[in-house]
Structure formats: C-alpha cells, structure tokens
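Step one of this worksheet: look at the structure below.
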2 protein chains.
Amino acid sequence: MDYSETLLFQCVSAHDCSRMLECMKAQKRSFYAGEEIYSFDTARKSVGILLNGQAAVVRYEYNGTRSILENLSPKSIFGEDLSFIPSGDSCIAVVCQTDCQVLFIDYQRLTRTCQNACSCHTQLIRNLLQLLSDKTRALSERVEVLSQRSIREKLMCYFMQLAAGKNSNTFELPFTMIDFADFLSVNRSAMIRELGKMKKDGLIQISRRTITLL
Amino acid sequence: MDYSETLLFQCVSAHDCSRMLECMKAQKRSFYAGEEIYSFDTARKSVGILLNGQAAVVRYEYNGTRSILENLSPKSIFGEDLSFIPSGDSCIAVVCQTDCQVLFIDYQRLTRTCQNACSCHTQLIRNLLQLLSDKTRALSERVEVLSQRSIREKLMCYFMQLAAGKNSNTFELPFTMIDFADFLSVNRSAMIRELGKMKKDGLIQISRRTITLL
DNA sequence: TATATTCTGTTGCTTTTGCAACCTTTTTGT
DNA sequence: ACAAAAAGGTTGCAAAAGCAACAGAATATA
C-alpha cells in the first residue's frame, strides 16, 4: 500500500512517508472479521488508518441497543480527535466487518513536529486539519438526520444527502436494513414499514438496497 | 478584548496577535439581539469568533420546526470548517440572542501560512486543530444524545454529559424549555411530561432550570 | 403599577413508533 | 447442493410521542 495515497499523507512523497512513519513509530496490525480493532475504553491515544477491509464505529448501550456511528472504508481515519468518549454505561468500539489491516500512529507524535523538524510534518498537520474538517462535516450531516422528528423525515433527509453526494437521484444504501435502522436510531420494522408507505405514496422507488428519489 | 485570550490565539503574544490579524485582514463587526450574524446560504468562507454576547447556531426546517444545533458563548468559534452545509429545504444561521461583537477571519488566509511566513502561524494552525477536535467532540456528544431512542433516554444522556462536564450532580440547564426541546429535537410538552415522570420516579430533582441527578 | 408578552406546565386525544412473533428470501459454509 | 444462518419483510398490539388548546407564573414594557 502506498501511504501517500491516504488522505493523511496526501502531498507527501513516498520517501518522506516511510521516513516519517518510522520517526513516528507507526505500527501495522491485522484483524479478522468481527474482531474489535479499537476500544474507546482502553483509550489508547493513537489514530488508526484503515488500510484495507471494512469496519464500523459502533456504540453498545447498557440496554443492548446498538448504534452505528460511522462506516469506515479503506483509507478512513479514526480516533484522531479522542472523540467518542463514552459517557457512563455505553461502550464505543471499532469493529471489523471483514478482515482488516490497520496502521496505528501515536497522536502525540503526530501533532508535534518531531525533533528532526521535518518540513513535511507541516503538510501532515494541514492534512489532519482537512480530515478533521471533513469529519466535522460528516458529523453535522449525521446530526441533521438524527434531529429530524419522524422516521419518514429521517429517511428523506438521509436520502437527500446520499443523492447530493452522488449527484444522482438513484443510489445504493451502504447498509443492511438492520444496520441502517441502527444508523438512524429507529426500530427496524417501523423503518421498513415506513419505507413501504413512502413507496406507496410515490416518494421513492426501492428494490433491495437501490433507491430512487422521485 | 485581548485576542490572545481566545482559544484560536492561545499561546500567541498580544503583539503577534495584532500583527497577524492585520495580515489576515480580520474584521470586527457588531450585531443587535435577534440579528442574523452568519447565514450559511451566503456561505462566506470565513470563521467567526464571538467576542462578547450570546448566540446560537440554528436550523429552520421547511415545515417551520427549528433545531438548535449549538449554543455559542464568548470566545466560541463558528464556521471554521464550512460545515453545516444546509441540504435542500433547510436553512442554517447563527442568530444573536443578545447584542454581540464578532471577529471575522477569512478561512483561506487563516489556513495558509502568509507570505511573511510568520512562525506564529504554525501555532495558529495547531490551535485550530485543537478547536476542531473540540468541536468534533461536541458533535459526537450531540449525536450520542440524539441517537437515544426515547425522550427519557435523551434527557438522561444529556444530563449525564452536563454532570460530567461540571463534575457535579447538580447543574443548570443552559436553555429555556422551548430551546431545550428544540435542542433534543422532541416535542416540548412531551418533554416536560417526561421530566415530570422522571421526578416522580425519583431519577432527578428539578426546580426551574436547576437539575440534580439522584 | 398596570399590561402585554413570553415562558412554563397540564391534559385529552391522535398518530407514530416500538416490540414481538412469525414467515420468506438470500447468503454462507461445508 | 444442501443445511444453517442471516437478512428482509409483515402484522397486531402496546407504549410513547406529538399536537393543540389552555391556564398560571414570570418577565418585559409602557
């Protein structure tokens, strides 16, 4: 994997990359599907870059409900802000959906310019800034969806975000229905019932995970 | 106002501050209570620092409902990530609750080192990084509250956040009940009804806006 | 100090959502 | 190719939340 393809190392040459990774003592690790990559209980202050595979940030509530906070694809970064601090009785973790490889970098080493004061470190921080902006943006969109008051409004809001992102009225849901309901924080069968009504009302077309806004 | 007291200019000397503000062509403006500081329609790519007064980031929905996305106190920064991009028919704005003074800084000028390549600009970027982290954290907390499935769970989740923040089981709500309901995205009377039940069930004590977790 | 306005709190009724149980279809593993 | 597991989908019933209308308390304004 060419690290300079990842957003964090954007605009850093491959040579500088490997030098910096060594300087920051980055570590690569492998995980199996279903395994827990990162638990925010243990709160290791490092960021992870998903090199390949699929994973998700999930929260498990005391009462057994589960919420999907974020879907991670290759090159996604997670944990970069020590965010997702679990409060009280919930527990947040990054869980592999398929086999994964992850690169860990210590947060302190990442944000302070190293002793060698490599100039590329400035670029790294600028990239981190961009990533954080993107994340804030994603979270804002999430808040927008969740602050809708009915299931139908939540669905429409999210569909419009997907459509805007793809510049098309037809798009694929990046979830199973079970995960989608957890993402919207609503009951699965109530959600499917509502999808049926929306179809009947001529708002959407839907077949499996392909959706078209009308 | 001493700008080096603001989080963005933390660890920058007062002298460097004023030099940089000039270099970045920062502008100070005043607003009256109720006025709109910043509309994300117009999307001016600048960040604002609230120097004094109280303001809030609100979203107005097509159907007339309103959601409070964030409360802003003096020294708060907003707009720093071009986030809150309104989708479709909603409109997001920063609205003054009292008279306010705001400092605007162009985002481009802020994130690129200026021609003079002042060393303190590095500090500025590091501060921005910290602010973005904080914001991500705040948004994550917001998502945590909103992804609770019942009004009672939303309330308890938020109360626990407040209690954790103040290190005390007693705290003041920073909202009127109307705004609080908008913040939680629930119906006001349903919320007040639930607060009554929670009091009856011995979960909380409440008198006006002072709440104690039991 | 009187009056208007905004905020707080209640209640009955309606709609929405959640829950549980069940069946069908699709995917996975051997 | 078959069995087992997971995902998709339906329904009746119960619980929760929304809505609207109203009344009392607090605050602002003249």
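Proteins get letters first, then strands, A, B, ... in listed order; numbering begins at 1 in each.
B:Phe159 is linked by a ring pair (Phe, Tyr, Trp, His ring centres under 6.0 Å) to B:Phe171, counting only residues two or more places apart in sequence or in another chain. Residues that satisfy the side-chain hydrogen bond (donor to acceptor under 3.5 Å, both in side chains) test with B:Thr170, not counting sequence neighbours, are B:Thr212. For B:Thr98, there are no side-chain hydrogen bond (donor to acceptor under 3.5 Å, both in side chains) partners, not counting sequence neighbours. The side-chain hydrogen bond (donor to acceptor under 3.5 Å, both in side chains) search around A:Ser150 returns A:Glu153, not counting sequence neighbours.
In this structure, B:Arg209 reaches the sugar-phosphate backbone alone: every heavy-atom distance under 4.0 Å involves primed, P, OP1 or OP2 atoms, never a base. As judged by a 4.0 angstrom heavy-atom cut-off over every strand, B:Leu195 is placed among residues making no nucleic acid contact.
Among residues at least two apart or in separate chains, side chain to side chain donor-acceptor pair (under 3.5 Å) pairs with a member in residues 200-209 of chain B are B:Arg152-B:Asp201. Contacts classified as ring pair (Phe, Tyr, Trp, His ring centres under 6.0 Å) and involving residues 193-214 of chain A (residues at least two apart or in different chains) are not found. Listed by first then second residue, pairs satisfying salt bridge (Lys or Arg N to Asp or Glu O under 4.0 Å) with a partner in residues 167-184 of chain A read A:Arg66-A:Asp179, A:Arg66-A:Asp182, A:Asp182-B:Arg149, not counting sequence neighbours. Applying the ring pair (Phe, Tyr, Trp, His ring centres under 6.0 Å) test to residues at least two apart or on different chains, the pairs with a partner in residues 177-214 of chain B are B:Tyr158-B:Phe180, B:Tyr158-B:Phe183, B:Phe175-B:Phe180, B:Phe175-B:Phe183. Every pair tested for ring pair (Phe, Tyr, Trp, His ring centres under 6.0 Å) that includes a residue from residues 125-146 of chain B fails, sequence neighbours excluded, so the list is empty.
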If the sugar-phosphate is the primed atoms plus P, OP1 and OP2 and the base is the rest, what is the B/S/- string for nucleotides 21-30 of chain C, using protein heavy atoms under 4.0 Å? -----S----
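Using a cut-off of 4.0 Å between Lys/Arg side-chain N and Asp/Glu carboxylate O, A:Arg142 and A:Glu70 are scored as not salt-bridged.
Note: CD1 (B:Ile206) to P (C:dT8) measures 10 Å, nearest angstrom. Between the NZ atom of B:Lys197 and the P atom of C:dG9 there is a distance of 16 Å, rounded to whole Å. A straight line from CD1 of A:Ile192 to P of C:dG18 spans 13 Å, rounded to a whole angstrom. The CD1 atom of B:Ile178 sits 15 Å away from the P atom of C:dT5 (whole-angstrom rounding). What separates CG of B:Asp182 from C1' of C:dC7 is a distance of 13 Å, to the nearest Å. The distance from atom CG of A:Leu155 to atom P of C:dT16 is 14 Å, rounded to the nearest whole Å.
Between A:Asn187 and C:dC19 there is a side-chain N or O to OP1 or OP2 distance below 4.0 Å. For C:dT16, neither phosphate oxygen OP1 nor OP2 lies less than 4.0 angstrom from any side-chain nitrogen or oxygen of A:Arg193.
For the pair A:Ile204 and A:Leu195, the minimum side-chain heavy-atom distance is below 4.5 Å.
For the helix from C:dT1-D:dA30 to C:dT30-D:dA1, the terminal axes (five pairs an end, C1' atoms, rotation from four pairs onto the next four) enclose an angle of 60°, given to 10 degrees.
Counting 5' to 3', DNA chain D first comes under 4.0 angstrom of a heavy atom of chain A and last does so at the ends given by D:dA7 to D:dG12.
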